[in-house]
Amino acid sequence: MNIVIVESPAKAKTINKYLGASYEVLASFGHVRDLPAKNGSVDPDANFQMIWEVDPKAVSRLNDIAKSLKGADKLILATDPDREGEAISWHVLEVMKQKRALKDQKIERVVFNAITKQAVTDAMKNPRQIDGALVDAYMARRALDYLVGFTLSPVLWRKLPGARSAGRVQSVALRLVCDRELEIEKFVPREYWSLIATLATPRGETFEARLVGADGRKIQRLDIGSGTEAEDFRKAIEAARFTVSTVEAKPARRNPHAPFTTSTLQQEASRKLGFAPAHTMPIAQRLYEGIDIGGETTGLITYMRTDGVQIDPSAITQARKVIGEDYGNAYVPDAPRQYQTKAKNAQEAHEAIRPTDLSRRPADMKRRLDSDQARLYELIWTRTIASQMESAELERTTVDIAAKAGSRMLELRASGQVIKFDGFLALYQEGRDDEEDDDSRRLPAMSEGESLKRENLSVTQHFTEPPPRFSEASLVKRMEELGIGRPSTYASILQVLKDRGYVKLEKKRLYGEDKGRVVVAFLENFFARYVEYDFTANLEEQLDRISNNEVSWQQVLKDFWDDFIGVVNDIKDVRVSEVLDVLDNMLGPHIYAPREDGGDPRQCPTCGTGKLNLKAGKFGAFVGCSNYPECRYTRPLAADGDAGGDRVLGKDPQSGLDVAVKSGRFGPYIQLGEPSDYAEGEKPKRAGIPKNTSPADMELDLAVKLLSLPREIGKHPETGEPITAGIGRFGPFVRHEKTYASLEAGDEVFDIGLNRAVTLIAEKIAKGPSRRFGADPGKPLGDHPTLGAVAVKSGRYGAYVTAGGVNATLPSDKTPDTITLPEAIALIDERAAKGGGKTKRAAKKAKPAKTEKAADGDAAARKPAKKPAKKAAAKPASAKPKSDAVSKARGPVAAAKPPATTAKPPAKKSAGNG
């Protein structure tokens, strides 16, 4: 038997069918180990030695892998073909070594770029060993992000109360957004005028021409700066005679764009489909993992985390065939198109993102996919096909016109463009973030010396506009241009910035929030080097050199750490008041808007004598009066703040009642009607506003949808019971009987289909109960002769064994990994003989619904009639098996360090993500 390890259960099921009975494919469910979120997980003084902790959710899965290896011939690590996939394989292998699950089994690493039978079977014929350089690159990035986050974030918490965290790449991305806000605030509009004449040929055909010169000098777009100048030119044009000076027509070609990389897919999905990067990637993941086609699950696209733009020769051949069939041979270029990546050290994977079979046209796949999957598949298919189509052939025409008005000679110009052969444009045209003028108008036929007649003249005043705020697509593009981060991390970085309230997304544009601007101002003043674009890009290059085996990962970390910790130590001595003074000065134009009466914007509006300045409180920075405590005037940083109060959105189409956004004790919410609209004892229907949705952006359509939740999706095919979708305290979910499964980023609570819901429910059941909602099931050891199943568990006071409600603490010389079934039975029998286990209170309970009191950690005894989730969550485990404990990077278990505890996770202040 050969054991194959992949990430997801869906992938495992598919690949198992491809490989047959001699293979067993198991899922790791992603990463199985990580650095514990606490100080000391990376030790710079010990050559950056790392302590790894097994994810509690992965313990049972790793145990399953270890059991499967008994008697196996081979362990085949088949995780994703990028750096993270290499790291997952390495982690699984290291844990297996620690568990001594490997004897003489052969270890192989295989990679495939698509989940198809051909790709998987070909990969199995070409195994290799784990790429140590890629693992080193992973460890360097993980250690670097950890060190920055867990060193810089505490400085932020101390110096800027209310700040959440800072990260190596996250902070630089935030700076891009906030710098754009600063540009917009400092922008001074400039007046300019345009003069556009509508002219007619002798044949009566009209076109527009712009004033571009006068009396021998060129006139640029901003040169006419006042109404007086514009009026002078208007009089001259109205009195002028018009003659065609020159007609110039030039041929041009427009070539198609390369197939998608991770970055360009995120950009185009944002522009064309309105998808956020965090929405695009999970959908692409599901297309990669595949759907059932003809009784066999097949991946629809190649791996979606890649910097490469080249595609396999066989796919190019197929694309050319499809183009010929669908568009004709004129659209097939003489030679296949070859593309080369422009990204530095592109290495996320190999091929571009493309359909695995281009004969699967979007129209044919639409019935097999949900709406968003179908739209994204169509986008990938059209981009891939277009990349191999013939170029578009254009003709660009420029007509110069002389306008003689007495002694003055004016010049006008008309431009146009004609598509002679549409080529790839017949299928695809790339979207734009900020529309530009495009002279795509077609001009009528004209010849030199021909007289023209003026039909109309438009004289228009304009003002220059500030640079536009970033959209998610344009920010991703800018980050890639600067070499900041890697495309596979962009979606998570943007999501972190939104989740932490550093930026907000309104009308598809990113706005820097006050909290984010204060953080950036702090970093720019006290950690300037580490938020510089060039520094971050150069560091990325060093990290890429590690993966190319050009430099030691420890040396890169040492070079960074020596300077970084010195700056951190320097800032520790700076007083909070000094920090606030610096930020107050830097953010002044944003915080203190000019007054209409021209007075001092820093004058306190309450006392009139105090000066407003920046202050720090428990919940972040705010503006207060210098005369505190005599004057207690305060306000948020932005002078206008957020408007409060109730807001009626409109009428509910079914009931006719008002739908309103209201402010409550626990935040804003939506309400249908007023209490007076309901019968006595009834309360108005309410719905919470989803996370990352601003109450100010709430519209009637969305509000009505939210009020319709929870909604029934359909009946479960096995039980016949309904599956519902709703939004709860922890976000959107689907529910079947007592099983709740959270929706992933690509799922939409309002239109998730039955098939997807059934899959989520099945995956949730397969993973077992969450520790938040249920007790630890423990590690099964076997059966007690009379009490049933025996398990070893972790409780508040240490590890113990349990069976039939009888719990016995493990002696000091035993651990959850070393305790055997006979020893556990002896401990339980000894405990039962002393009167332990089911107590008199349990025996006397009058109602089955009451909670049975038992020793801490007993899952069987903790089944209250109400709120079981809170009961279980209130008693987190405080001890772990050795396999859960810490282990040195590439080394044995660190016996000197105690097992990591999950009793008090520091997730409340997660310190950056890179």
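For this chain, numbers begin at 1 and follow the sequence in order.
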Any [X] side-chain heavy atom under 4.5 Å of [Y] side chain:
X	Y	result
Y678	S676	no
S626	L612	no
Y633	P605	yes
K218	D223	no
M479	Y490	yes

How about [atom1] on [X], more than 12 heavy atoms from neighbouring residues, nucleotides or ligands closer than 6.0 Å, or not?
X	atom1	value
R602	CZ	yes
D215	CG	yes
E630	CD	yes

Is there a donor-acceptor pair closer than 3.5 Å between any side-chain N or O of [X] and the backbone N or O of [Y]?
X	Y	answer
Y146	K38	yes
Q603	G608	yes
S171	G167	yes
D677	E674	yes
T280	A276	yes
R175	V531	yes
D581	E578	no
D658	V648	no

Which residues satisfy the side-chain contact (heavy atoms from CB on, under 4.5 Å) test with L222, sequence neighbours excluded?
->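 Partners of L222 by the side-chain contact (heavy atoms from CB on, under 4.5 Å) criterion, ordered by chain and then number, come out as R190, Y192, T464.
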Residue list, side-chain contact (heavy atoms from CB on, under 4.5 Å) with A214, at least two apart or on another chain |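 Checked A214 against side-chain contact (heavy atoms from CB on, under 4.5 Å); matches are I219, F233, R408, L410.
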Answer yes if the side chains of [X] and [Y] hold a donor-acceptor pair under 3.5 Å, and no otherwise.
X	Y	answer
S492	T489	no
S263	E480	yes
T228	S226	no
Y533	N538	no

Using a strict threshold of under 4.0 Å (side-chain N to carboxylate O), is an ion pair present between [Y] and [X]?
X	Y	value
D600	K611	yes
E181	R469	yes
E238	K235	no
R529	D563	yes
E540	R141	yes
E506	K504	yes

Shortest non-hydrogen contact between [X] and [Y], atoms and distance:
X	Y	answer
V576	K159	CG1-O, 3.8 Å
C631	C604	SG-SG, 3.6 Å
K651	L700	O-CD2, 3.7 Å
F526	I571	CD2-CD1, 3.2 Å
R478	L176	CG-CD2, 4.1 Å
A197	L412	CB-CD2, 3.8 Å

Would Q170 and D145 count as a side-chain contact (heavy atoms from CB on, under 4.5 Å) if you check the C-alpha gap in whole Å, the side-chain angles of each, and the deciding distance to 0.1 Å?
-> CA-CA 10 Å; Q170 164 201 320; D145 293 340; over 6 Å; no
Determine, using ring centers only, whether Y530 and F560 are less than 6.0 Å apart.
-> yes
Y502 and side-chain contact (heavy atoms from CB on, under 4.5 Å): which partner among V496, L497, V520?
->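 Of the listed options, the one satisfying the test is L497.
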Option passing side-chain contact (heavy atoms from CB on, under 4.5 Å) with L587 (candidates D514, L182, V518) | V518
Derivation and outcome, side-chain contact (heavy atoms from CB on, under 4.5 Å), residues E183 and E185 = CA-CA 6 Å; E183 287 181 69; E185 288 168 0; over 6 Å; no
Inter-residue atom distance [X].[atom1] - [Y].[atom2], 0.5 Å rounding:
X	Y	atom1	atom2	result
I237	L211	CD1	CG	5.0 Å
D562	I565	CG	CD1	10.0 Å
S458	R210	OG	CZ	9.5 Å
L144	L539	CG	CG	5.0 Å
S471	K507	OG	NZ	15.5 Å
Q266	R271	CD	CZ	11.5 Å

Just checking, K662 and Y669: is the charged tip under 6.0 Å from the six-membered ring centre and within 45° of the axis?
-> no
Would you sort out whether T634 and V623 count as a side-chain contact (heavy atoms from CB on, under 4.5 Å), showing the intermediate values?
-> CA-CA 6 Å; T634 61; V623 174; over 6 Å; no
Aromatic rings F564 and W561: how do their planes relate, parallel, tilted or perpendicular, breaks at 30° and 60°?
-> tilted
Describe, in one word, how the ring planes of F522 and F527 are oriented to each other, choosing from parallel (under 30°), tilted (30 to 60°) and perpendicular (over 60°).
-> tilted
Salt bridge (Lys or Arg N to Asp or Glu O under 4.0 Å) evaluation trace for R217 with E411 = CA-CA 9 Å; R217 70 181 180 91; E411 296 174 31; over 6 Å; no
Check step by step if side-chain contact (heavy atoms from CB on, under 4.5 Å) holds for I591 and R635.
-> CA-CA 10 Å; I591 300 173; R635 66 166 173 80; 4.1 Å; yes
Where do Y592 and N613 land on the side-chain hydrogen bond (donor to acceptor under 3.5 Å, both in side chains) test, with the steps shown first?
-> CA-CA 9 Å; Y592 310 106; N613 50 41; 5.9 Å; no
Scan K508, R509, K498 and name whichever one has a salt bridge (charged side-chain N to carboxylate O under 4.0 Å, His left out) with E472.
->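 It is K498, the one option of K508, R509, K498 that forms the salt bridge (charged side-chain N to carboxylate O under 4.0 Å, His left out) with E472.
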